[in-house]
Amino acid sequence: MTDSVGALDGLLIADFSRILAGPYATMLLGDMGAEVIKVESPAGDDTRTWMPPERDGVSTYYLGINRNKRSIALDLRRPEDLRLAKELVTRADVMIENFKPGGLTRFGLDYEATSADNPGLIYASISGFGTAGGASLPGYDLLVQAASGLMSLTGDVDGPPYRAGISVFDVMTGMHAALGILAALNHRNRTGAGQHVEVNLLSSALSGLVNHTSGYVAGGTVPHRMGNAHPSLFPYEPLPTADKDLIVIAGNDGQFRRLCAELGLDDLPDDPRFAGNEVRTRNREQLRPLLVARLKERPADEWFKKLSAAGIPCGPINHVDGGVALAAELGLDPVVTVGTEAHAVPMIRNPITLSATETRYVLPPPDLDQHGAELRAWLAAGKDADQ
């Protein structure tokens, strides 16, 4: 349907997902060349109405995760629309959905039914808490942030738990879904057989908590809130300067020695209290004031330039606009314009760079059922129709 060729060119994805995890996964795949058909109910993806903020009356939440897709609105309760949905899945390489587990069975769009008609189908299911005891639980990111333990780690030491500033596990689960789909496609390339890819927010959360869940299951330690401090590294947190906080990191002994040299504290790396990461971490309350006393002699921007030039990890605490500006300053070209003229939408670039098959930015996020007429005609024309 497009002239742009990418790494996934020729793959057809039937996207029955909505909100965040599924649409994020399919946008990533669409950026890499897959043809994504977004199947929506007549009411549309919930995120179309999630505003403010908005751009020209459209939710920027929706805009941020739905480029490189075509939209068709189908009411699965209507026989003709259900027939078209099944026809689409029969032709697709990949189907992705995030209905409650079992929710598509009554329509004959579950994995067992669809794979019988399309044995090579990669069928990806996203849920909140899996298909066993948690099948009936709604899959909202905030619930999983709470239930997984993340919120117990976020916030001031003596303060209440906080959610992360983004729907971190929705995004993470979307990436896991995309990874699972690509793995299943590679298996199909070898065997010709499709399979069922299942991901859920809670499992992605426990995997994404990495050192914290490992500390519990392997070390018997239940982590707790530490504000901006790191449980296993110091310094690795914001430290005050003459005007504002600066992130300062010493990830190993060499970095700590260079940091002390730049601060004029050459004796500290050989002090037995601070000579290695483990003792620095245990004695952080003794070390912090020594570092802060020197950092407060200059403003943050001066220290950022000086320490960075010495190869010491550090950085400002920006607002989002500052993060985008920094990426632009570093030559990362973070913003791409998708679409033309009145339909042009500025969006954040796909984070993956492929040297031989560039990511594409062809289709702006579609209006509800924007491509419904052409897709209905294509589906009605039979499997031999030109995509």
Could you walk me through whether Glu87 and Arg83 pass salt bridge (Lys or Arg N to Asp or Glu O under 4.0 Å), step by step? CA-CA 6 Å; Glu87 177 67 21; Arg83 186 191 71 77; 5.1 Å; no
Evaluate side-chain contact (heavy atoms from CB on, under 4.5 Å) for Met95 paired with Tyr111, printing each intermediate quantity in order. CA-CA 9 Å; Met95 174 178 172; Tyr111 173 64; over 6 Å; no
Kindly indicate, with the supporting measurements, whether the criterion side-chain contact (heavy atoms from CB on, under 4.5 Å) is fulfilled by Leu20 and Trp50. CA-CA 12 Å; Leu20 179 48; Trp50 286 10; over 6 Å; no
Where do Leu209 and Leu153 land on the side-chain contact (heavy atoms from CB on, under 4.5 Å) test, with the steps shown first? CA-CA 10 Å; Leu209 286 171; Leu153 304 174; 4.1 Å; yes
Could you walk me through whether Thr357 and Met32 satisfy the side-chain contact (heavy atoms from CB on, under 4.5 Å) test, starting with their C-alpha distance in whole Å, then the side-chain angles of each, then the deciding distance to 0.1 Å, before giving a yes or no? CA-CA 8 Å; Thr357 51; Met32 290 185 275; over 6 Å; no
Could you check Asp9 against Arg360 for salt bridge (Lys or Arg N to Asp or Glu O under 4.0 Å), going step by step and ending with a plain yes or no? CA-CA 11 Å; Asp9 184 60; Arg360 62 173 195 167; 6.0 Å; no
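Residue His343 places its NE2 atom among 12 or fewer non-hydrogen atoms of other residues, nucleotides or ligands, all under 6.0 Å distant. Dense packing is recorded around CZ of Arg55, with more than 12 heavy atoms of other residues, nucleotides or ligands lying under 6.0 Å away. Counting non-hydrogen atoms of neighbouring residues, nucleotides and ligands closer than 6.0 angstrom, the CZ atom of Phe129 exceeds 12 such neighbours. Remark: Asn189 CG is packed, more than 12 non-hydrogen atoms of other residues, nucleotides or ligands lying under 6.0 Å away.
What you find for Phe234 and Asn277 is that their closest heavy atoms are N-OD1, 3.8 Å.
Of the options Leu375, Ile13, Leu379, Thr26, a side chain to side chain contact (heavy atoms under 4.5 Å, CB included) to Ile37 is made by Leu375 and by none of the others.
A salt bridge links Arg78 with Asp81: the distance from a Lys NZ or Arg NE/NH1/NH2 to an Asp or Glu carboxylate oxygen falls below 4.0 Å. Between Asp253 and Arg280 a salt bridge is recorded (basic side-chain N to carboxylate O distance below 4.0 Å). With respect to the salt-bridge test (charged N to carboxylate O, under 4.0 angstrom), the residues Arg294 and Glu262 do not qualify.
Annotation: cation-pi geometry not satisfied between Arg77 and Phe107 (NZ/CZ under 6.0 angstrom from ring centroid, within 45° of ring axis).
With values rounded to the nearest 0.5 angstrom, Lys305 atom NZ is found 12.0 Å from Arg298 atom CZ.
Side-chain contact, Ser125 with Tyr123: no donor N or O sits under 3.5 Å from an acceptor N or O.
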